[in-house]
Amino acid sequence: MSAVRANRPLDLLERQRVPDGAGGFAEGWVVLGTLWAEVKPGTGRDATGEEVILAEVSYRITVRGAPPGSPERPKPDQRFREGARVWRILAVTERDTAGDWLLCFAREEVPT
C-alpha cells in the first residue's frame, strides 16, 4: 500500500434544515469542517439527469481516520467541496487495519 499524500483541503458538508428567513425552513448544505485529503480519480461515464446530461467520474478520496459516530468521520450522502468542485460521498471504509486512514468512494457530477 502506498503512502497517502493528503495535500488538498476539502470542506465536509452535510445537508441540514436551515432557516429561510421567513419563519420556515429550507434544505441547505452546512460546512462541518475541513479535512486534508488525497484525491484520486477513477473511471467516468455519461448519465442522464433531470433535464441535463451529467458527466460522472468516480473518485477515491482518502482522509485521516476517525471513529464511527465522530463528526469528523465522513458518511454516505455527505459531500466534499473544493472551490466550485463538489463530490457526493457514496461509501466510507477503513483504508488500513489500524484505521489511521479512511477511504471515501465518491462521485463528482459535472453538468455538460
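All values reported here derive from a predicted model rather than from experimental measurement.
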With sequence neighbours excluded, residues passing salt bridge (Lys or Arg N to Asp or Glu O under 4.0 Å) with Lys40: none

By salt bridge (Lys or Arg N to Asp or Glu O under 4.0 Å) - contacts of Arg60 (at least two apart): none

Residues that Pro9 engages under side chain to side chain contact (heavy atoms under 4.5 Å, CB included), provided they are two or more places apart: Thr34, Trp36

Does [X] have any side chain to side chain donor-acceptor pair (under 3.5 Å) partners at least two apart in sequence or in another chain, and if so, which?
{"X": "Arg64", "answer": "none"}
{"X": "Arg79", "answer": "none"}
{"X": "Glu38", "answer": "none"}
{"X": "Glu72", "answer": "none"}

Pairs touching residues 84-93 that satisfy side chain to side chain donor-acceptor pair (under 3.5 Å), sequence neighbours left out: Tyr59-Arg85, Arg85-Glu108, Arg88-Glu109

Sequence neighbours excluded, every pair satisfying side chain to side chain donor-acceptor pair (under 3.5 Å) that has a member inside residues 16-29: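 As it turns out, the side chain to side chain donor-acceptor pair (under 3.5 Å) pairs with a partner in residues 16-29, which skip direct neighbours, are Glu14-Gln16.
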
Shared-cluster residues of Val4, by chain and number - hydrophobic side chains joined below 4.5 Å: Trp101

Distance (rounded to the nearest 0.5 Å) between Thr62 OG1 and Asp100 CG: 12.5 Å

Residue pair Leu12 / Val63, side-chain heavy-atom distance below 4.5 Å: no

